[in-house]
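For reference, the structure is listed below as structure tokens.
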Amino acid sequence: MNFKGGLTTLILQNLNRGPNHGYRIAQDIKQKSKGVLDFKEGTLYPALHGLENKGLIESYTQEENGRTRCYYKLTRKGTKALAEQREEWTRFAGAFTLALQET
Amino acid sequence: MNWLKKNEVDNLWDWLEIATKGLLPADKRRITQEIETHCAEAMKAHLDQGESGQVAEAMAVVELGDPKAAGKSLRKKHLTEKDVKRLDWTKKDAGSFPSLLVTYAISAFYCYIFGSGSFAKEPKLDLIVAKTAVFVIGIILPTITFLIVRTFWFRRRITALLLVKSLGSGDFGLILWLWIFPISSIGIFFVTVWILGIISGVRFWNKVRKSKDDKSGVPTPV
């Protein structure tokens with residue numbers, strides 16, 4: 001399912017649970033949605049870098065098994081943005097469900 | 001395997017080459033490192049599922065998607081080599097005396113055109129407004145901008161400099177052309193060019209403002 005606009009919200013939600021790296025974020029989103037929310041993993045990094053530019057997340061590097069891994073974590077601004085986006089999405093989804101009801 | 005044929009590239013190096021094309025060396029390095037680590041993890045997962053090394057790599061690359069699309073998105077988030085050149089040019093051009101003289105010369109040319117016979121049919125008031133607007137756009141505004149951007153504060157702040165340059169005389173130009181050529185095709189052409197110029201300038205300013213890349217224009221050593 002294509003969900004281009006919602007990817008940033010899902011990234012923020014994932015990082016709300018704690019710092020994470022690109023590959024794990026992608027796998028978590030796919031697993032949590034039971035494969036319904038599938039996306040090309042190359043699109044994840046521009047989205048992450050965009051969120052970083054906006055100051056919603058921060059990155060830091062860490063050495064792991066001889067590899068330098070880039071981790072991302074949510075900032076205070078990001079937490080606030082997530083709350084707003086979640087509320088907006090809940091309102092939108094509720095309205096959509098109501099509109100689809102056959103009564 | 002048919003699914004492999006659909007993808008343009010089946011190895012990570014080609015994918016990275018396309019996706020990071022035009023980016024600054026520091027960003028290229030960072031993105032390459034991130035994607036390499038990502039792919040290594042993906043390959044390991046496929047190897048654990050019993051795939052061969054070659055297939056595991058190809059599958060990991062396919063999962064990354066179209067490198068051109070990824071590259072397009074990355075170039076929106078990061079400054080490119082072209083952007084740095086544009087920034088460098090903006091810094092050099094703003095506050096440059098020869099550049100100011102060129103603007104004066106263009107304004108004089110426009111004034112000459114408006115004074116020529118081809119505009120004889122235009123109402124006198126329109127021509128007075130046109131000449132006044134050219135004087136404001138071509139002489140007063142560039143002179144003020146020239147003096148402002150030569151100040152220490154502006155020379156240290158590239159984003160402020162870009163915004164001044166982007167908006168610059170664009171709004172005045174729009175008013176001028178709407179006044180003189182309200183419905184003619186030349187009027188529409190100039191208005192379109194001016195609007196596109198302003199949009200392009202403001203978009204570039206916004207990109208530079210948001211980007212965390214080095215805006216000094218000094219290339220980072222590879």
Side-chain angles (χ1 to χ4, degrees), chain A residues 1-8 10-12 14-15 19-31 33 35-73 75 77-78 81, chain B residues 3 6-9 12 14-20 23-24 26-46 48-49 59-80 159 206-213 215:
Chain A
M1 188 182 280
N2 190 337
F3 64 110
K4 209 178 171 185
L7 181 59
T8 53
L10 292 171
I11 293 171
L12 292 177
N14 185 280
L15 295 176
N20 211 347
H21 57 83
Y23 181 75
R24 186 49 48 209
I25 293 170
Q27 299 313 307
D28 283 353
I29 292 172
K30 287 178 186 182
Q31 280 168 16
S33 69
V36 175
L37 300 176
D38 197 7
F39 58 95
K40 291 295 177 190
E41 291 166 17
T43 60
L44 183 73
Y45 293 95
L48 282 166
H49 297 179
L51 289 170
E52 196 181 9
N53 283 350
K54 286 180 188 165
L56 302 181
I57 61 173
E58 277 172 359
S59 68
Y60 61 93
T61 51
Q62 200 169 298
E63 287 285 329
E64 259 178 43
N65 306 324
R67 279 189 181 275
T68 310
R69 174 162 278 165
C70 188
Y71 274 88
Y72 294 91
K73 65 175 181 180
T75 61
K77 197 177 164 188
Chain B
W3 60 269
K6 284 178 195 167
N7 209 25
E8 280 183 64
V9 291
L12 184 58
D14 287 347
W15 196 96
L16 284 168
E17 182 75 28
I18 297 167
T20 62
L23 294 176
L24 297 176
D27 291 326
K28 267 190 186 183
R29 248 199 328 268
R30 179 194 167 178
I31 292 159
T32 300
Q33 197 180 54
E34 273 196 289
I35 304 276
E36 268 178 14
T37 313
H38 181 111
C39 250
E41 289 256 9
M43 271 180 72
K44 191 177 170 294
H46 292 304
D48 290 346
Q49 284 166 7
M59 285 174 87
V61 174
V62 168
E63 281 162 6
L64 287 174
D66 180 10
K68 284 181 187 165
K72 201 176 162 190
S73 301
L74 285 168
R75 283 187 288 278
K76 281 184 190 166
K77 312 291 179 200
H78 295 278
L79 292 184
T80 62
T159 46
N206 197 35
K207 181 183 177 183
V208 172
R209 187 176 62 89
K210 284 182 179 170
S211 170
K212 292 205 184 308
D213 294 332
K215 298 166 183 86

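Basis for what follows: all heavy atoms, side chains included, without hydrogens, waters or symmetry-related copies. Convention: sequence-line order gives letters A, B, ...; per-chain numbering from 1.
- The two residues B/Thr37 and A/Thr68 make their nearest non-hydrogen contact at OG1-O, 3.6 Å.
- For the side-chain hydrogen bond (donor to acceptor under 3.5 Å, both in side chains) test, residues two or more places apart in sequence or in another chain that qualify with A/Glu52 are A/Ser59, B/Arg30.
- Atom CD of B/Glu34 sits about 8.5 Å away from atom CG of A/Leu44, to the nearest 0.5 Å.
- Of the listed residues (B/Ala69, B/Ala42, B/Ala70, B/Ala40), the one with the most heavy-atom contacts under 4.5 Å to chain A is B/Ala42.
- Counting heavy atoms from C-beta on, the side chains of B/Leu74 and A/His49 come closer than 4.5 Å.
- Contact check for B/Ile35 versus A/Tyr45: side-chain heavy atoms found under the 4.5 Å cut-off.
- With a 6.0 Å radius and a threshold of 12 heavy atoms from other residues, nucleotides or ligands, B/Glu36 has its CD atom above the threshold.
- For the pair A/Gln27/B/Glu41, no side-chain contact is recorded, criterion being any heavy-atom separation below 4.5 Å from C-beta on.
- Within a 6.0 Å radius of NZ in A/Lys30, other residues, nucleotides and ligands contribute more than 12 heavy atoms.
- For the residue pair A/Gly50 and B/Lys77, the shortest heavy atom distance occurs at CA-CD, 3.6 Å.
- The two residues A/Ala26 and B/His38 come nearest to each other via the heavy atoms CB-CE1, 4.5 Å.
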